[in-house]
Amino acid sequence: MTDKTWGKIRDELRKTIGKNNYVTWIEPLEYSGLKDGVAHFDVPTQFIGDWVSRNFTDQILQLMRASGEPVQRIAFDVKKPKGRTSAPTGSSKEAPDCEKRRRIGEPSGIGGSLAELPRAPLDPRFTFESFVVGKPNELAFAAAKRVAKGGPVNFNPLFLYGGVGLGKTHLMLAIAHELQLRRPELAVVYISAEQFMYRFIQALRDQKAMDFKKLFRSIDVLMVDDVQFISGKNSTQEEFFHTFNALVDQNKQIIISADRAPGEIKNLEERIKSRLQCGLVVDLHPTDFELRLGILQQKLARQRAEYGDIAIADGVLEFLAHRISANVRVLEGALTRLFAFASLVGREITLEMAQECLSDILRASDRKISIEEIQRKVAEHYNIRLSDMIGPRRMRTIARPRQMAMYLAKQLTSRSLPEIGRRFGGRDHTTVMHGVRRIEDLMATDSQIADDVELLRRSLEG
Ligand code: ADP
Ligand code: MG
């Protein structure tokens, strides 16, 4: 393969695997020749070789074959780069180098001083004040507040975990924010586990591992976000473990987040799991309706500050809080989009507008509650048989719960009326519509029905 061919393949890879991956993994490779169907590449470290081999072999092989190279497999030979003047594309090394630095937010390569570590950003959006507290997150909030006080280190690490978009990063940045206001002399570092790994690998590549160690061991408060990222990445885990221990030994505070409990992170060394567990482990539970509504009300104020006082019809926030339940980020995004749209067309935000403007989000966040679940819950609640939901019986003690289930199916899923009808024993969509209306009317006049709706809705939304 000529250098030119390899250059083309690299360009192709850059497009498919993204700039960051490209700079970190592909750029360090130096093609050294094809022998007996094996394409050889020099790599600066074993780690990079392993990584590329595990993650990018198929793509590289495919591209080489597409260029007519008789290649069967790829081999990586660890060689310290020798001056690297033979960049196959002949491109200057300047550009990628500064790109690397920008990517990890670093002014001038890893040296020995703290100035070069990413100080936690003071982002006014992510503070304790802007964090809405409810049952599902009150423990995590209290723990974060406590750590932010910065007194003696009581629990180390603080381990926050929970699903995507439940506020882990927000809480960590709030801690950083508060600490930096209260104790500006402390070196507070917030870094994602992914960045930690990139920096570590880069340090290895540049033969600055010692500097890396020194740097990370001079921190006062270390926050590592999304630590599940290092699962299966053994040398990064190793380095993380040592950094962690060194800081704990010096009684420095560590705050970690992950998308699951320490014990449930796969491919994480046992000794790391157990160290992570020995501080305080708190989880952020999935949001409930009240919390979501609270968050929306708070964001509403902020949106109004930005877009002006756009009117919003009654029930729209409640609708959003009911229907978008998995991820606060998505909830926020929905509100932002509504405001942007409303200010563009100069209209009030109505329920219809929300339904139309957010149909993709609504559809995507709908997977949670199924019609079967609704039927089961409602049957249980009214103490009737599940089979009566879809059966023909018409007496009120059965018809009313059936209407309730239809109403909830309409409210809590994105199924159309005909679809709902089908799931209720093949009933017509007009029957469903009638049922939904009936419940709506009753809710206004019969507080028992209104209570039932609320109770069932809550229990379905978990
Ligand atoms: P995670 O890191 O858990 O995936 P984030 O902290 O990035 O989630 O939160 C996603 C978005 O939702 C952020 O914009 C954050 O400010 C917001 N958010 C999450 N929980 C709350 C809350 N309780 N109050 C206010 N905003 C929240
Ligand atoms: Mg996060």
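Just follow the structure's listing: the first ligand is 1, and inside any ligand the first atom is 1. For clarity, every value in this text was computed on a predicted model and none was experimentally measured. Values below: all heavy atoms of this structure, side chains included; hydrogens, waters and symmetry mates excluded.
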Practice problem: Establish, for the pair Lys213 and Phe216, whether the NZ or CZ atom is under 6.0 angstrom from the six-membered ring centre and no further than 45 degrees off its axis. | Solution: no
Quiz item: Has Lys168 got its NZ or CZ under 6.0 Å from the middle of the six-membered ring of Tyr161, at an angle within 45 degrees of the ring axis?
Solution: no
Practice problem: Would you please say whether a donor-acceptor pair under 3.5 Å links the side chains of Thr336 and Gln303? | Solution: yes
Quiz item: Is it true that Arg260 and Glu264 have a side-chain N and a carboxylate O under 4.0 angstrom from each other?
Solution: no
Quiz prompt | Check ion pair Glu332-Arg329 (N to O, under 4.0 angstrom) | solution = no
Quiz item: Is the distance from the Mg ion (ligand 2) to the nearest N/O/S atom of Ser257 under 2.8 Å?
Solution: no
N/O contact list for ligand 1, threshold under 3.5 Å:
unit_1	atom_1	unit_2	atom_2	d
ligand 1	2 (O)	Thr169	N	2.9
ligand 1	2 (O)	Thr169	OG1	2.8
ligand 1	3 (O)	Leu166	N	3.3
ligand 1	3 (O)	Gly167	N	3.1
ligand 1	3 (O)	Lys168	N	2.8
ligand 1	3 (O)	Lys168	NZ	2.8
ligand 1	4 (O)	Gly165	N	2.7
ligand 1	4 (O)	Arg329	NH2	3.3
ligand 1	6 (O)	Lys168	N	3.4
ligand 1	6 (O)	Thr169	N	3.1
ligand 1	6 (O)	His170	N	2.7
ligand 1	7 (O)	Arg329	NH2	2.8
ligand 1	8 (O)	Gly167	N	3.2
ligand 1	14 (O)	Glu332	OE1	2.9
ligand 1	14 (O)	Glu332	OE2	3.1
ligand 1	16 (O)	His170	ND1	2.6
ligand 1	23 (N)	Val132	O	2.8
ligand 1	23 (N)	Asn137	ND2	3.3
ligand 1	24 (N)	Val132	N	2.8
ligand 1	26 (N)	Lys299	NZ	3.2

Practice problem: Would you mind listing every side-chain hydrogen bond (donor to acceptor under 3.5 Å, both in side chains) that reaches into residues 438-451, with sequence neighbours excluded? | Solution: Gln448-Asp452
